[in-house]
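Below you'll find the structure, written out as structure tokens, and then a few comments.
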Amino acid sequence: MTRYDPQAVEAKWRDHWAETGIYEIDVRAVERPFFNLMMFPYPSAEGLHIGNVFAFTGVDIFGRFTAMQGHDVFEPFGYDAFGIHSENFALKQNTHPMTLIPSNISNFRGQMKQLGMRIDWGHEVDTTDPAYYRWTQWLFLQLFKQGLAEKRSAPVNWCPSCKTVLADEQVIDGRCERCSTEITHRDLEQWFLKITDYTERLLENLDSIDWSPIVKTAQRNWIGRSEGLETSFAVEGTSETLTFFTTRPDTIFGVTFMVLAPEHTLVSQITALEQKDAVDSYVSSAMAKTAIDRQQMERTGVFTGAYATNPLNAERIPIWIGDYVLSTVGTGAIMAVPAHDTRDFDFARKFGLPIKVVVAPPDWSGDDFEEAYTEQGTIVNSGEFNGMASDEASEAIVKKLERDGTGEHKVTYRLRDWLISRQRYWGPPIPIIHCPDCGPVAVPEDQLPVELPYVEEFRPTGTAESPLALVESFVNTTCPECGKNAKRETDVSDTFLDSSWYFLRYPSTSFDDRPFDAELTKKWLPVSNYIGGKEHSVLHLLYSRFITMALHDMGHLPFEEPYERFRAHGVLILEGAKISKSRGNVVNPDDYVASHGADTLRTYLMFSGRYDEGGDFSDKGIEGVYRFLHRAWDLVDRYRRQDGEPELPEEAERLRHRVIRKVTLDVAGLKFNTAIAALMEFSNELQRRPALHATEVRTLLLLLAPFAPYVTEDLWEQIGGEYSIHQQAWPAYDDELAMLLEVEVAVQINGKTRDVINAAAGSDEDVVVELAKQSERVQRYLGERPVVKTIFVPDRLVNFVIKP
RNA sequence: GCCGGGGUGGCGAAAUUGGCAUACGCAGCGGACUUAAAAUCCGCCGUCCCGCAAGGGACUUGUGGGUUCAAAUCCCACCCCCGGCACCA
């Protein structure tokens with residue numbers, strides 16, 4: 001009798017797999033390419049955490065399953081190692097990122113190998129490698145040349161702690177995503193990528209791509225399409241007009257004032273002399289507030305002394321300033337309809353402005369409102385539009401203004417351009433040279449990469465300039481166009497630019513003269529299967545779609561959506577809290593690999609809950625899975641020592657087909673927990689047998705192989721299987737054989753189960769009813785009472801309905 | 001506030017999408033093996049009631065109502081948890 005020793009088994013096969021290269025594929029030669037992608041991680045100093053292992057294991061199981069089904073599965077791995085996260089950690093540790101990152105990477109690589117991932121290590125990607133970021137810079141230049149990258153002054157999110165600007169997506173509830181410091185605003189020159197040129201396509205394609213609905217919904221929300229009217233009111237006594245957008249054109253007769261954002265460009269021009277001081281001081285205090293302060297629901301504002309005219313009813317409309325109107329939304333100005341908008345209602349109440357009802361609620365008595373009525377209704381107090389329904393009136397009002405040439409139907413979006421410049425050290429330098437005569441000029445492509453110099457003092461300066469600005473040898477250069485002295489751009493680009501194209505690089509890592517080879521790209525992309533966390537719904541997943549579309553339009557890619565299929569996995573939490581280094585609640589997977597083995601950890605993580613839901617991690621049940629693998633070992637051990645081989649009875653063969661079907665369908669649908677449960681049941685059943693048939697043992701090992709790759713490889717060898725189990729065909733099943741011959745049928749009286757009888761599968765109603773009526777228990781309940789109705793569900797139940 | 005996802009034994013969770021609720025596993029209890037323990041194996045294990053027992057009965061999927069022969073599943077109202085969006089005009 002031998003004993004299962006995970007450490008010995010795993011060490012043995014880890015080496016053997018590496019020697020025989022069974023997970024490496026010839027990206028050129030193979031015939032049934034399947035690109036199985038996992039989200040590359042940021043290689044932190046602490047190593048992989050349990051959440052990473054959970055995520056990657058699911059991808060790996062799916063990859064192994066797909067490979068056994070005959071596909072040439074390419075499963076690469078890489079490191080998203082640039083960015084604020086790495087840099088902040090390096091600062092904290094007082095280590096230079098250039099020394100920290102390589103050791104983190106080798107740690108991650110070692111862990112992934114331990115975990116038994118079928119990674120093709122011949123195609124690693126490291127975003128901090130000049131051989132990689134050279135092409136990130138190339139990508140930036142292509143966008144620049146298309147007019148999709150531009151530097152402009154804009155109010156930006158500023159994190160006073162990280163001392164850098166942040167993209168909108170990196171601001172969570174007015175705080176920095178990384179350090180939770182309250183965000184302030186600054187007006188700075190920044191590089192933007194014009195993702196808004198692609199808004200409509202990013203939104204439209206969502207209808208046709210095979211992605212988890214939850215991610216599609218998040219992207220739709222983020223893009224935030226809204227339809228309405230854009231029009232303008234003339235400012236009295238000037239030649240200026242105030243343009244605004246509204247989704248409720250039907251309420252335009254209810255406008256009783258207008259409100260401008262404090263940053264609105266016309267504020268100083270229209271403010272009346274006597275209000276100037278009040279306006280100035282309001283504006284400067286509003287600008288000084290943090291984002292969170294400005295989100296206070298307390299209504300503040302000040303009258304400008306100016307008036308506009310509502311052209312529809314010639315009413316005189318006072319113009320106010322208030323910080324509840326955001327400069328970045330719409331035009332930064334609104335028509336205020338206090339009767340039908342809660343924000344305007346509060347403002348009007350506070351400053352004693354009139355409230356005029358123009359949309360009557362269904363049972364309106366004509367009284368003043370106690371709160372804003374924001375639903376649709378019947379139009380009143382609106383001249384020729386009275387009596388119409390809201391939607392009808394909206395349409396009519398837009399049409400009228402369009403006829404007059406003073407307004408138009410418009411679609412606006414919440415999505416704004418992607419701010420990619422960072423005033424930090426740890427990123428790829430933006431490859432631009434600023435020439436006093438020629439303006440911003442692209443670094444010629446043959447001079448890429450613009451290498452990130454080693455800088456001892458890489459701490460952020462806080463001056464709105466990157467630490468690179470202090471490195472004279474880096475900054476000073478000559479203009480590639482006119483040869484005059486010029487200065488390099490010193491900002492680096494956002495990490496999300498690095499990750500927006502890494503999947504394109506994987507098949508082509510051997511090329512140093514192009515980012516991705518056309519032929520290989522055609523063969524391997526778009527990505528066949530991408531599995532990752534939902535937390536990237538609106539960041540990475542939206543950016544990489546945009547970059548793919550842009551590259552497609554420039555003729556570099558034959559497709560415009562990067563991922564054929566995307567599935568979101570759940571997030572593991574720990575004792576109700578998100579797992580994070582800052583919380584110190586990191587569970588180290590290495591401990592479990594050491595105590596139980598990678599096979600047990602993998603199988604346990606997949607068994608203990610739904611892959612798409614994640615949940616609270618606890619190791620409470622890990623012993624059960626450990627025992628299960630031991631049982632599988634002992635089962636094979638017993639099989640090897642048994643004398644001869646029994647016949648395989650039909651019932652056993654049918655069971656085998658049922659299990660294959662169950663596991664096949666479950667793994668294909670990423671329902672790993674129920675697949676493992678089915679395998680446990682199967683092995684429990686086999687354990688009851690006096691002797692085992694080779695087919696049964698082989699089936700169990702093959703089905704278990706994606707979950708527990710090491711132990712199944714070893715057992716496969718023990719039973720004389722051809723190396724490697726991971727290169728064998730996935731067992732086939734036959735639907736006919738997978739059917740049960742005999743089924744249990746519930747017999748109910750008035751919907752309550754009173755007995756369960758056995759019947760041949762597929763029996764007709766009269767046969768089953770006859771059997772059911774023979775049951776003593778059933779007869780006891782039926783007695784003399786007549787059956788009013790009989791419900792028959794084939795192979796499931798009979799229900800006799802009787803009068804109570 | 002809006003949009004998603006969820007609430008099932010002591011615990012992690014299943015349930016072919018309206019058809020035997022609690023599969024699989026953990027923990028617990030009892031037993032076998034052992035000098036003993038570990039490991040392993042076998043049995044029990046939703047709650048309450050009747051019964052010494054075999055057994056029988058009632059109830060049970062966050063709460064309350066409804067539809068149906070039949071509801072964890074569908075509908076209405078409400079409570080709680082998680083995620084996303086949010087002064088978005």
Side-chain angles (χ1 to χ4, degrees), chain A residues 3 172-173 213-222 224-226 228-230 244-248 251 259 261 294-299 322-326 328-337 340-344 346-347 374 412-415 534-535 537-538 568 570-571 573 576 578 604 607-610 612-625 627-628 630-631 634 662 665 671 673-682 684 687 744-757 777 787-802:
Chain A
R3 204 174 145 67
I172 312 291
D173 295 331
I214 188 166
V215 176
K216 291 193 190 187
T217 307
Q219 292 206 353
R220 283 198 190 94
N221 281 344
W222 186 258
R225 185 182 198 273
S226 59
L229 165 74
E230 186 173 278
F244 58 87
F245 174 79
T246 178
T247 54
R248 292 293 301 272
T251 65
V259 187
R294 280 191 68 165
Q295 276 167 21
Q296 294 304 308
M297 295 305 250
E298 179 70 30
R299 293 279 164 265
D323 68 4
Y324 80 97
V325 175
L326 309 178
T328 47
V329 177
T331 63
I334 60 156
M335 66 173 209
V337 184
H340 305 293
D341 181 287
T342 48
R343 297 154 301 181
D344 299 345
D346 295 344
F347 195 85
T374 58
T412 63
Y413 303 90
R414 212 183 68 89
L415 182 69
K534 358 179 190 261
E535 67 273 20
S537 298
V538 292
V571 179
I573 54 171
K578 204 169 168 177
Y604 174 64
F607 176 65
S608 58
R610 279 174 57 160
D612 61 351
E613 279 190 354
D616 217 336
F617 174 80
S618 146
D619 60 13
K620 268 183 89 172
I622 196 165
E623 294 301 331
V625 170
R627 282 199 278 264
F628 165 56
H630 272 280
R631 273 202 300 277
D634 295 344
K662 172 77 178 155
L665 296 177
K671 295 174 183 166
N673 54 340
T674 47
I676 294 164
L679 287 171
M680 287 173 168
E681 277 181 279
F682 187 45
N684 290 346
Q687 210 162 13
E744 292 192 325
V745 177
V747 184
Q748 302 184 333
I749 313 289
N750 284 352
K752 289 191 195 244
T753 302
R754 297 304 180 183
D755 200 3
V756 177
I757 58 174
R777 292 169 53 88
V787 173
V788 182
K789 194 173 167 187
T790 304
I791 310 284
F792 175 67
V793 181
D795 292 348
R796 300 215 66 100
L797 65 73
V798 185
N799 185 11
F800 297 116
V801 183
I802 56 175

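What you are looking at is a predicted structure, and each value in this text was computed from that prediction instead of being measured.
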| Verdict with supporting geometry, A:V747 and A:V756, side-chain contact (heavy atoms from CB on, under 4.5 Å) | CA-CA 6 Å; A:V747 184; A:V756 177; over 6 Å; no
| message | Say we look at B:C69 and B:C76: how far apart would their C1' atoms be, to the nearest angstrom? | response | 23 Å
| Who pairs with A:D341 by side-chain hydrogen bond (donor to acceptor under 3.5 Å, both in side chains), at least two apart in sequence or on another chain? | A:R343
| message | From C-beta outward on A:K752, which listed nucleotide comes closest to its side chain: B:G19, B:C59, B:G4? | response | B:C59
| message | In whole Å, measure the gap between the P atoms of B:A77 and B:G10 for me. | response | 31 Å
| query | Can you check the A:F628 CZ to B:G25 C1' distance for me, whole Å? | reply | 11 Å
| field | Syn or anti conformation of B:U47, syn meaning chi within 90° of 0 | value | anti
| Under 4.0 Å between a side-chain N or O of A:R220 and OP1 or OP2 of B:G84? | no
| G-U wobble or Watson-Crick pairing nucleotide for B:C2 (cut-off 3.5 Å, both distances) | B:G84
| request: Give a yes/no on whether any side-chain N or O of A:R343 is located under 4.0 angstrom from OP1 or OP2 of B:G1. | output: no
| request: Give the C-alpha distance, both sets of side-chain angles, the deciding distance and a yes or no for side-chain contact (heavy atoms from CB on, under 4.5 Å) between A:K662 and A:L679. | output: CA-CA 9 Å; A:K662 172 77 178 155; A:L679 287 171; over 6 Å; no
| note | With B for base contact, S for sugar-phosphate-only contact and - for none (protein heavy atoms under 4.0 Å), nucleotides 65-71 of chain B reads ----B--
| message | Checking A:Y324 now: which residues fulfil ring pair (Phe, Tyr, Trp, His ring centres under 6.0 Å) with it, not counting sequence neighbours? | response | A:F347
| query | Between atom NZ in A:K671 and atom P in B:G25, what is the gap in whole Å? | reply | 20 Å
| Between B:C85 atom P and A:E535 atom CD, what is the distance in whole Å? | 12 Å
| So what's B:U22 paired with, Watson-Crick or G-U wobble, going by both distances under 3.5 Å? | none
| Taking the P atom of each, how far is B:C33 from B:C42, in whole Å? | 15 Å
Set out, line by line, the N/O atom pairs under 3.5 Å between protein and nucleotides 8-14 of chain B.
from  : atom 1 : to     : atom 2 : distance (Å)
B:G12 : O2'    : A:S608 : O      : 2.4
B:A14 : OP1    : A:N673 : ND2    : 2.7

| For A:R220, salt bridge (charged side-chain N to carboxylate O under 4.0 Å, His left out) partners two or more places apart | A:D207
| query | What is the distance, rounded to the nearest whole Å, between atom CG of A:D341 and atom C1' of B:A86? | reply | 14 Å
| message | Can you check the distance between B:C50 and B:A36, where both ends of the measurement are the P atom (answer in whole Å)? | response | 41 Å
| Given the P atoms of B:A15 and B:G28, what is the spacing between them in whole Å? | 27 Å
| field | B:C74: pairing nucleotide in any strand, Watson-Crick or G-U under 3.5 angstrom | value | B:G66
| Base, sugar-phosphate, or nothing: which does A:T328 touch, judged by heavy atoms less than 4.0 Å apart? | nothing
| query | Counting only N and O atoms by type, is there a donor-acceptor contact under 3.5 Å from the side chain of A:R248 to the main-chain atoms of A:T374? | reply | yes
| query | Taking atom P of B:C20 as reference, at what distance in whole Å does atom CZ of A:F792 sit? | reply | 14 Å
| Out of B:A21, B:C24, B:A86, which has the shortest distance to the side chain of A:N684? | B:C24
| note | Regarding B:G9, purine or pyrimidine glycosidic angle vs 90° from 0 gives syn
| message | Both distances below 3.5 Å, Watson-Crick or wobble geometry, any strand: find the nucleotide opposite B:C59. | response | B:G46
| field | Nearest-Å distance for atom pair CH2/C1', residues A:W222 and B:C2 | value | 16 Å
| said: For a quick check of understanding: with a heavy-atom distance under 4.0 Å over all strands, which category does A:R754 fall into, base, sugar-phosphate or nothing? | reply: sugar-phosphate
| said: Any strand counts, and the cut-off is 3.5 Å on both contacts for Watson-Crick or G-U wobble. Which nucleotide pairs with B:C52? | reply: none
| task | Would you mind telling me which residue lines up with the more 5' stretch of RNA chain B, A:M680 or A:A218, judged by nearest nucleotide? | result | A:M680
| request: Rounded to the nearest angstrom, tell me the gap between atom CZ in A:F244 and atom P in B:C87. | output: 21 Å
| query | Any donor-acceptor pair under 3.5 Å joining the side chain of A:R299 to the base of B:C87? | reply | yes
| 5' priority, RNA chain B, between A:K534 and A:V329 [closest heavy atom] | A:K534
| task | Taking all non-hydrogen atoms of both residues into account, name the closest pair between A:L326 and A:D323 and its distance. | result | CD2-O, 4.0 Å
| Within the side chain of A:D344, is there an N or O that forms a donor-acceptor pair under 3.5 Å with the backbone of A:V337? | yes
| task | For A:V747, answer base if it contacts any base atom (sugar-phosphate contacts may also be present), sugar-phosphate if it contacts only those atoms, and nothing otherwise; contact means non-hydrogen atoms under 4.0 Å. | result | nothing
Mind listing the N/O atom pairs, protein and nucleotides 37-47 of chain B, below 3.5 Å?
none

| Separation of B:A23 C1' from A:L679 CG (nearest whole Å) | 14 Å
| task | To the nearest 0.5 Å, tell me how far A:F800 CZ sits from A:I791 CD1. | result | 11.0 Å
| query | What interatomic distance, in whole Å, is found between C1' of B:A72 and the corresponding atom of B:A14? | reply | 11 Å
| said: Considering every strand and a 4.0 Å limit on heavy-atom distances, what is the contact class for A:L326: base, sugar-phosphate, or nothing? | reply: base
| query | To the nearest 0.5 Å, how far apart are CZ in A:R631 and CG in A:N684? | reply | 5.5 Å
| task | Look at the side chain of A:E681 and the base of B:C24, then say whether one donor and one acceptor between them are separated by less than 3.5 Å. | result | no
| said: I'd like the C1' distance from B:U8 over to B:G57, given in whole Å. | reply: 24 Å
| Any donor-acceptor N/O pair, A:K534 side chain to A:D612 backbone, under 3.5 Å | yes
| query | Can you tell me how far P in B:A71 sits from the matching atom in B:G56, rounded to whole Å? | reply | 23 Å
